[in-house]
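Reading through the structure tokens given below for one structure.
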2 protein chains.
Amino acid sequence: MDKNSDLQRQRPFAGTLARLKSAGLRPTRQRLALGKLLFDAGDRHVTAEQLHGEADAQGIKVSLATVYNTLNQFSTSGLLREVVVAPGRSYFDTNVDDHHHFFYEDDATLQDIPGDQIALAALPDAPADAEVARVDVIVRLRRTDENRS
Amino acid sequence: MDKNSDLQRQRPFAGTLARLKSAGLRPTRQRLALGKLLFDAGDRHVTAEQLHGEADAQGIKVSLATVYNTLNQFSTSGLLREVVVAPGRSYFDTNVDDHHHFFYEDDATLQDIPGDQIALAALPDAPADAEVARVDVIVRLRRTDENRS
DNA sequence: TTTCTGTTTGGAATTGTTCTAAACTATTGA
DNA sequence: TCAATAGTTTAGAACAATTCCAAACAGAAA
């Protein structure tokens with residue numbers, strides 16, 4: 001069975017396929033291709049425009065509307081997590097585990113903070129009529145000016 | 001001097017005027033009026049559209065562009081703090097002290113969490129080339145369904 | 001196959017925000 | 001008090017990100 005050695009090469013959509021199945025989403029050509037771009041490269045933070053650009057660059061024909069649809073469906077299915085850090089644009093994070101973010105304000109870039117490197121000492125009581133859905137911590141960074149005299 | 005008893009009534013713009021002065025912004029009619037709406041009512045979280053609506057409702061004639069300009073100027077001067085919690089709209093917080101936020105996802109509403117009710121146990125080291133500009137904690141809430149059978 | 005329902009698509013529409021150039025106004029100094 | 005000037009306001013155009021739409025398309029099931 002040495003031909004099975006590289007599972008990734010033989011079944012490039014296997015991971016995404018399983019994800020789609022678990023989310024109850026049909027494995028269409030577009031969703032499989034976008035899923036591959038999103039999930040086969042480790043943890044990523046992308047905007048819709050970015051992902052659309054990447055697909056385009058690889059010759060995958062997908063409309064921007066579909067990219068938006070897909071990102072939103074993946075998010076509500078728990079396959080992605082939407083991160084809001086800057087006004088007027090959304091980032092989608094392929095890491096759905098509990099973790100937080102660094103945000104470089106200079107170039108509007110995101111980076112994961114490993115879950116164990118940050119912790120909340122005291123979570124305030126949620127108001128009586130509500131429950132905590134999620135806690136987001138965003139550490140905003142500014143690059144230090146290395147051109148100082 | 002009993003006529004000075006209600007300083008607020010006699011000099012309704014005093015607070016805002018001082019703020020503008022300290023920020024180096026000219027005390028124009030529009031800025032004074034918007035400042036009054038923002039600062040005379042305690043801690044508030046407003047969007048540009050909201051504030052414009054309030055001004056309009058009080059017969060204050062200000063263009064939406066000016067509301068945006070003003071909110072942005074106030075923010076960069078430290079008179080306000082911009083809070084990004086939902087894609088596609090910005091909130092401005094009149095509380096510029098160190099504190100964090102509850103965000104009710106159901107009605108897209110913000111509420112301050114007093115600074116002492118939440119604390120970060122461990123702030124991760126900022127990457128070598130950057131420094132922490134600010135840390136935002138957003139506790140996202142969902143209203144519990146009180147209409148359950 | 002055929003049918004059915006979910007999906008994709010291009011383009012129009014919407015929303016929130018910024019830009020622009022002209023009109024206006026607070027400030028300063030005669 | 002007035003004029004000059006520099007900062008401000010304004011309406012409307014422009015823009016960017018996202019959603020909506022109705023028609024064409026493509027999986028799934030029979």
Side-chain angles (χ1 to χ4, degrees), chain A residues 13 16-37 45-56 59-77 79-80 82-92 107-108 110, chain B residues 13 16-37 45-56 59-77 79-80 82-92 108-110:
Chain A
F13 293 132
T16 299
L17 194 76
R19 277 175 229 251
L20 290 176
K21 193 160 291 177
S22 82
L25 293 170
R26 281 195 194 172
T28 64
R29 214 182 316 108
Q30 294 83 338
R31 295 211 266 237
L32 286 167
L34 293 176
K36 188 168 154 55
L37 287 175
H45 302 96
V46 298
T47 63
E49 294 280 0
Q50 257 170 46
L51 187 59
H52 184 241
E54 285 180 26
D56 207 51
I60 301 163
K61 216 179 140 275
V62 212
S63 72
L64 185 56
T66 295
V67 172
Y68 272 103
N69 287 340
T70 302
L71 288 173
N72 287 145
Q73 291 157 342
F74 282 15
S75 294
T76 58
S77 310
L79 264 38
L80 288 178
E82 188 173 2
V83 185
V84 182
V85 279
R89 106 213 283 159
S90 275
Y91 290 81
F92 294 86
D107 55 5
L110 273 174
Chain B
F13 293 131
T16 299
L17 192 77
R19 277 177 230 251
L20 291 176
K21 192 160 291 180
S22 81
L25 294 169
R26 280 194 194 175
T28 63
R29 215 183 315 106
Q30 294 83 339
R31 294 211 266 237
L32 286 168
L34 293 176
K36 188 167 153 56
L37 286 175
H45 302 95
V46 296
T47 63
E49 295 279 359
Q50 256 170 47
L51 186 60
H52 184 241
E54 285 182 25
D56 207 52
I60 300 164
K61 216 178 137 277
V62 213
S63 71
L64 185 56
T66 295
V67 173
Y68 274 103
N69 287 340
T70 302
L71 288 173
N72 287 146
Q73 291 157 342
F74 282 16
S75 293
T76 58
S77 310
L79 264 38
L80 288 177
E82 189 171 2
V83 185
V84 183
V85 278
R89 104 215 283 164
S90 276
Y91 290 81
F92 295 86
T109 269
L110 273 173

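So that the names make sense, note that chain A is the first sequence line, chain B the second, and so on, each numbered from 1. This structure is a prediction, so every number in the text was calculated from the model and none was measured. These values consider heavy atoms only, across backbone and side chains, with no hydrogens, waters or symmetry-generated copies.
With rounding to the nearest 0.5 angstrom, the CG atom of L71(B) is 7.0 Å from the CG atom of L34(B). Here the NE2 atom belonging to H45(A) is positioned 11.0 Å from the CD atom belonging to Q50(A), to the nearest 0.5 angstrom.
Within the nucleic acid shown, T47(B) has no heavy atom closer than 4.0 Å to any nucleic acid atom.
Taking atom CG of L20(B) as the reference point, atom P of dT25(C) lies 18 Å away to the nearest angstrom. Between the OH atom of Y91(B) and the P atom of dT17(C) there is a distance of 10 Å, given to the nearest Å. Going from atom CG of N72(A) over to atom P of dA17(D) covers 16 Å, rounded to whole Å. Taking atom CD of residue E82(B) and atom C1' of nucleotide dT18(C), one finds them 13 Å apart after rounding to whole Å. The nearest whole Å value for the distance from the CG atom in L64(A) to the P atom in dT8(C) is 14 Å. Atom CG in L71(A) sits roughly 15 Å away from atom C1' in dT8(C) (whole-Å rounding). Protein atom CZ of F92(A) is 13 Å distant from nucleotide atom P of dA17(D), rounded to whole Å. Rounded to an integer number of Å, the gap from Q50(B) CD to dT15(C) P is 16 Å.
Side-chain contact between R89(A) and E49(A): absent, with no pair of heavy atoms (C-beta onward) separated by less than 4.5 Å. In this structure, the side chains of Y91(B) and L80(B) stay at 4.5 Å or more apart for every pair of heavy atoms. A 4.5 Å side-chain heavy-atom check between Q30(B) and V67(B) finds every atom pair outside the cut-off. In this structure the side chain of Y68(A) never reaches within 4.5 angstrom of the side chain of H52(A), judged on heavy atoms.
For dT9(D), one of the phosphate oxygens OP1 or OP2 lies less than 4.0 angstrom from a side-chain nitrogen or oxygen of R31(B). Between R89(A) and dT18(D) there is no side-chain N or O to OP1 or OP2 distance below 4.0 Å. When the side-chain nitrogen and oxygen atoms of Y68(B) are compared with OP1 and OP2 of dT18(C), none of them lie within a distance under 4.0 Å. When the side-chain nitrogen and oxygen atoms of K61(A) are compared with OP1 and OP2 of dG10(C), one or more of them lie within a distance under 4.0 Å. Look at T66(B) and you won't find any side-chain N or O under 4.0 angstrom from OP1 or OP2 of dT9(D).
Listed by chain and residue number, nothing satisfies the side chain to side chain donor-acceptor pair (under 3.5 Å) test with T28(A) (two or more places apart in sequence, or in another chain).
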Q.
Please encode protein proximity along nucleotides 20-30 of chain D as a string of B, S and -, counting only heavy-atom distances under 4.0 Å.
A. B-----SBS--

